[in-house]
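Keep in mind the model is a prediction, meaning the values are calculated, not measured.
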Protein chains: 2
Amino acid sequence: MAEGGGTGAPGGENLLFLTDEQLRKGIEAMFFAYRGFTSDPDRILEKHGYGRAHHRAIHFINRSPGTTVNNLLTILGVTKQSLNRVLRTLVEDGLVESRVGTRDKRERHLYLTEAGAALESELSTAQRARMRDAYRQAGPEAVAGFRTVLEAMMNPDMRHHFNRLKESGS
Amino acid sequence: MAEGGGTGAPGGENLLFLTDEQLRKGIEAMFFAYRGFTSDPDRILEKHGYGRAHHRAIHFINRSPGTTVNNLLTILGVTKQSLNRVLRTLVEDGLVESRVGTRDKRERHLYLTEAGAALESELSTAQRARMRDAYRQAGPEAVAGFRTVLEAMMNPDMRHHFNRLKESGS
DNA sequence: TTGGAATGTCAACAAAGCTGACATAAAATG
DNA sequence: CATTTTATGTCAGCTTTGTTGACATTCCAA
């Protein structure tokens, strides 16, 4: 029944990792890590005259070829007007093809062109390389924990999108 | 000598967690989780008529009271002109106090006022609550892994700032 | 004391978010 | 079948927040 052994939390668990100070460090870690996470793609995008918004569109079009504007919208969580501006430049530049739907002509189905796939590959390769280095340094168990916490941090509808993407292949 | 056992990687380790597909999922998890991470503060900020940039400034001024504009600049990784605009509104609104340095009059030292501390607390409480829930769901070992991977993902100079912040208290 | 370096501010511009208005196609309703 | 309502996507204009360029002040070193 001793309280000094590190199990003084309600429920009998050790909750030292839940102190405000620990949580604050987690918040800052998230902030700084996200900066690292985006820095390599940002450099590449700048070279091509694009921004992070273009990257996101390209990523998810590659991930779900033939997806509609509306579907992309809910995944990205931006307004259609904002997405539209990005898509327009990508279509104009020949990186994305927008095909009018056959069943429902209101919809546009989006595909990467060869050039679009090339840029996607360049971005993805760089971002995966950083992820791979971090994973390798941290080891498999840390990676599992990383993924668990990230998933718990998502809003439910984001988690829904995330899990749907998980099922499909490349 | 069967290759199907999961130890077919060079070096004799199990590197299944480093497949392109795993890395891609990690990338997407990072994207969706960051959205969740920022969603609560964003709601609060909107209520007060501020943006994410204000939150970042408030957070790090609270974390290092008396910090200079230049120091804040390197931590936030934005241009001084961009930061200046944000700081000006915070000073005008009475959330931040900017004192001319005594030793070096070129410098401005930044402090939260009482009102600034109140907003910081509101933002921080919300963000910590989400972090706490995620940590609690995931458990202490997952949290350790989470932190390890995030730190490995940072750029070296960001990691430097991160570790310097860790040392100081609240 | 004078010239350069560091710090911070002002002005103008670009990227990417937002709301509002609108055109077109599909679906629902009479 | 005609008409209204709903869904999807586009165009215009505004806001936030990033950028570079020009500049004032202060410090330091020659």
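- When each of D:dT26, D:dT20, C:dA16 is scored by its nearest atom to the side-chain atoms of A:Ala53, the top-ranked nucleotide is C:dA16.
- OP1 or OP2 of C:dG17 lies within a sub-4.0 Å distance of a side-chain N or O belonging to A:Arg56.
- Among the atoms of the strands shown, base atoms are found under 4.0 Å from some heavy atom of A:Arg85.
- A distance-only check finds no donor-acceptor pair linking the side chain of A:Arg128 to the backbone of B:Arg24 [under 3.5 Å].
- Among the nucleotides D:dT8, D:dA22, C:dC18, the one closest to the side chain of B:Gln81 is D:dA22.
- When the nucleotides C:dA5, C:dG17, D:dG9 are ranked by their closest atom to the side chain of B:Arg106, C:dA5 comes out on top.
- Formation of a donor-acceptor pair under 3.5 Å by the A:Thr148 side chain with backbone atoms of B:Ala138 is not found in this model.
- For the segment residues 33-51 of chain B, the set of residues with a heavy atom within less than 4.0 Å of an atom of DNA chain D comprises B:Gly51, in numerical order.
- Taking atom CG on B:Leu73 and atom C1' on D:dT19, their separation rounds to 13 Å, with Å as the unit.
- Checking B:His161 against A:Glu28 by side-chain atom types alone, no donor-acceptor pair falls below 3.5 Å.
- Between the side chains of B:Ser39 and B:Arg130, at least one donor N or O sits under 3.5 Å from an acceptor N or O.
- Look at B:His54 and you won't find any side-chain N or O under 4.0 angstrom from OP1 or OP2 of D:dT16.
- A side-chain donor from one of B:Glu122 and B:His48 sits under 3.5 Å from a side-chain acceptor of the other.
- A sub-4.0 Å separation between OP1 or OP2 of D:dT15 and a side-chain N or O of B:Arg52 is absent.
- Regarding A:Leu87, its CG atom lies at a distance of 8 Å from the P atom of D:dT10, rounded to whole Å.
- For C:dC18, the OP1/OP2 oxygens have a side-chain nitrogen or oxygen of A:Thr79 closer than 4.0 Å.
- Base contact: B:Lys80 has a heavy atom under 4.0 Å from a base atom.
- We find that CG of B:Asn84 is positioned 13 Å from C1' of D:dA24, with the value rounded to whole Å.
- Around the CD atom of B:Glu46, the shell of radius 6.0 Å holds no more than 12 heavy atoms that belong to other residues, nucleotides or ligands.
- In this structure, A:Leu110 places its CG atom 14 Å from P of D:dT8, rounding to the nearest Å.
- What separates CG of A:Leu83 from C1' of C:dT19 is a distance of 16 Å, to the nearest Å.
- Salt bridge status for A:Glu21 with B:Arg63: present, with a side-chain N to carboxylate O gap under 4.0 Å.
- Look at B:Ser82 and you won't find any side-chain N or O under 4.0 angstrom from OP1 or OP2 of D:dT17.
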